[in-house]
Structure formats: structure tokens, C-alpha cells
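The model shown is predicted, which means the values in this text are computed figures rather than measured ones. So you know, we letter chains A, B, ... as the sequences are listed, proteins then strands, and number each from 1.
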Amino acid sequence: MDLSKLAIGTLIAGAMTATIIGASSAEAGKTKGKEKCYGVVKAGKNMCGRADGKHSCAAAAETDGDNQEWLYLPTGVCDKLVGGSLESGKGGATAASTEKEG
Amino acid sequence: MKLNKAQKSFKDHMFSKVSMVENPEEEFSNLFNIGKIPLDARLKIYRNHIVTTLSNVLVMNFPLVEILTGTNFLKTAAKLYLFDNPPTEPCLDRYGNSFPEFLANYKYASHLPYLSDIARLDWKMNETRIAKDDNSLQRSDLAEIAPEAYETIIFKLKKSVRLISSPFPLDKIYSLCGEKEDNEDVLDISPEKTYILITRYNWEPQIRNLKESEYNFFLLLQEEKPLGIALEEILKNYPEFNFVDFLQNYIELETFSAAITK
């Protein structure tokens, strides 16, 4: 692939702009703090180890909405999500489907 | 005997075969052979302390190897290692740098071809754990950079960030080691190229699988290649490489400490 200087420059500028624009919302969240949110993360997208210790890797979640897997979210967001829980073992995909049915 | 020569002689006696402790060199013996307890008995106490302490240090610095092989296996290997590899600095957290290489050639571990790479993972996680803390580059910091300087940016990785690749599935073996309950599932450890990023979160090392392209891009950044050159190089080999996702993900994960421009 022959990449011209111009193409590289454009790619970098686009990525930088997208990242900087993302700063306003991401860092506004940081000022409010973050909290662990269980039960809402997709498979492979968790941040760290499972609450029950079955693994201790980021990105090792095997199923969507597992209530032992978590990711950091800005404070206050987790409670607004279907299946989201601030405590491990609660919420998750099972709770989400029950809520839907209910 | 001068102090530095006496210290060197003491070290030589400690890290030699036990026969040298039982029959110390004459000059050394003349210097230390005082008191009621025979010199060889006193030297054996020192030697025993050193061997026990250093093998315990290796057990602490290689926890995954300990889980995989058992404490006795590791301590036996450690005792063989330490005589040829005494500490070179007064920081035991950093003792064992060449232990993974030793394990690669350790005949009693020849049936565990992945063990040396697991030891490398242990070592890098240990480095991550004890690395000095530094600032995290934030998205808003990028807004301070003039667009015309973008291609010259050098992204500095945080001091705690480490990279490792292996022909074995280190991530799966690592997960297996972290399981609190006995798992009777058989783990397939047939060669499977793995690329791993190690970062520190709340003072604990965390591992994350990388794509081959991401791993190689990180290596270029680690070499402090300017962004334009690094990106050009990586896109030649991996046209599918997604720099937008890469930048957003790894700034969010606080992987970088600074973006320097020339």
C-alpha cells in the first residue's frame, strides 16, 4: 500500500480531532468520578478481573451482560442502564431480560 | 585485606560450592576465624540465609511459575539459578531478570515449553508493579498540540507499560492461574501467537490482548518513532490497522504519559 504523506497527515488529523472531540464528554465524566458497573459489559470488553476471581484479565469476559464482569462508568450512569448494577452478582443479562418481560 | 577485597571474597565463598565454605581460602580464614564457633559453621549459617532468602524472592517475583509448577519445583530451580546469578543491586524486587532464560534451558522444565514465557510475563508484570508513577496523557492534552506538528508527535509510553509476545496462549494460561477454584477443564496450550499489553491499574498489573498490528505499533512508539513515520510503517504491513480506534482506546486506558513534539 503506497501511502502518501498527505494521506498519513489526513489520517492523523482525523484521529486527533475525533479523540479531542471525545474529550469533552469523557473528561466531564471524570470530574464527577467513576464507579464500577456490573452486568452491562459486552463479551471481551471488560476492564479488569471478574468479581468472583475466575479470571483477572481485561477483555476476558466470555458472555455479554455477565453480572460478575464490570467496566468503569461515570458516576450515576450505571443506575440508568438496563441490567446495570453497582454490586457484583446483581443485574446483568438475566435481570435485563426479566425486566423486559415484566 | 582491604574491605572491598574482603567483601568480594565473602561473596565468592557464599556463591560457591559448599566445599569452599568448609575449606575457606587461607587469607579469608585468617581474617574471619575468630570466636568460639568454627568459621565453616558460621559461614554455612550465612550461606543458608542467602540461599533461603534469594529463593524466596524468586518465588515472590515469579508467582505464575509457582502456581504452574509448585513451590518445591520452583525453589529447586531457584537454588540452582542463584549460585550463578547473585544479585547485582541492592533491590530484591528487581532480582531474577535472567531467570526466564534460565528456565528455558532448565532440563527439568523441558516438558513445559511455555514456562519460560510465563516467567517473562511474571517478570514484566513485576516491573509494571514496581515502576515509578507518572502522569497520564489525557485527550484534552492533545488539543494543545498544533495540527502542523501532529506527524512529529512522539507518544511516550508510561513507565509501567510493558509488552510481551509469545507463541503460546499466555493470556489463557494467566487466566487459569488466577482461578480460585480447581478447574478440571483441559487447557489447550498448542502454539497460538499471543500479543499482550501490561498496564497498571490501581497499582495492580492488568493484561490485555492486542492485535498483532497494535503490538507492532506499540513497539514503534516504544522506540520513540515520530507518529507519521510509525503510522506509515505499520500501515504498509497492516493496511487494516485502525489508528482512530487505537488512539481513542489507549488514551482512555491511560497508556501514555506524554505526547512530545519537535
Side-chain angles (χ1 to χ4, degrees), chain A residues 1-31 33-37 41-63 66 68-74 77 88-89, chain B residues 137-145 147-153 170-172 174-181 183 196-199 201-202 204-210 226-253 259:
Chain A
M1 185 175 181
D2 185 22
L3 288 154
S4 69
K5 279 261 176 203
L6 182 62
I8 293 284
T10 306
L11 178 59
I12 293 174
M16 293 287 280
T17 305
T19 308
I20 293 165
I21 289 171
S24 54
S25 58
E27 285 169 20
K30 280 183 187 171
T31 59
K34 289 183 176 182
E35 58 193 4
K36 281 184 180 181
C37 186
V41 70
K42 279 184 176 179
K45 299 290 181 185
N46 62 301
M47 294 202 80
C48 295
R50 276 174 69 92
D52 59 11
K54 284 188 177 171
H55 70 72
S56 46
C57 298
E62 291 181 355
T63 53
D66 187 323
Q68 297 292 330
E69 305 284 3
W70 59 274
L71 79 168
Y72 274 117
L73 289 179
V77 172
S88 63
Chain B
L137 179 72
Q138 304 292 338
R139 289 165 180 249
S140 55
D141 296 330
L142 300 181
E144 309 289 321
I145 301 170
E148 56 271 24
Y150 282 168
E151 288 186 45
T152 69
I153 293 173
L170 296 188
D171 54 328
K172 291 177 185 166
Y174 173 79
S175 289
L176 184 75
C177 291
E179 289 180 3
K180 289 177 180 168
E181 293 164 16
N183 185 343
I196 286 173
L197 173 76
I198 309 170
T199 55
Y201 198 84
N202 286 340
E204 280 301 315
Q206 303 289 335
I207 75 167
R208 175 175 290 269
N209 282 69
L210 295 175
L227 181 57
I229 292 171
L231 198 52
E232 189 176 357
E233 198 168 322
I234 211 72
L235 286 170
K236 271 182 195 163
N237 296 320
Y238 306 95
E240 77 286 359
F241 178 70
N242 187 330
F243 178 57
V244 179
D245 282 355
F246 179 91
L247 190 61
Q248 294 192 348
N249 284 342
Y250 293 107
I251 282 192
E252 188 63 24
L253 282 168

For this session: Name the region of B:L253, side chain, backbone, both or neither, that has any atom closer than 4.5 Å to a heavy atom of chain A.
Result: side chain
Exercise. Just how far is it from atom CD1 of A:I20 to atom CG of B:L142, taken to the nearest 0.5 Å?
Worked result: 5.0 Å
Exercise. Counting only heavy atoms not in B:E204, do more than 12 sit closer than 6.0 Å to its CD atom?
Worked result: yes
Exercise. To the nearest 0.5 Å, what is the distance between CG (A:L11) and CG (B:L247)?
Worked result: 10.0 Å
Problem set entry | Approximate separation, where rounding is to 0.5 Å, of B:Q248 CD and A:I21 CD1 | 9.5 Å
Exercise. How far does CD1 of A:I8 sit from CZ of B:F243, to the nearest 0.5 angstrom?
Worked result: 9.5 Å
For this session: Output, in order, the C-alpha distance, side-chain angles, deciding distance and verdict of side chain to side chain contact (heavy atoms under 4.5 Å, CB included) for B:I153 and A:I12.
Result: CA-CA 10 Å; B:I153 293 173; A:I12 293 174; 5.6 Å; no
Problem set entry | Contact summary for A:T19 and B:R139, nearest pair of heavy atoms | O-NH1, 3.3 Å
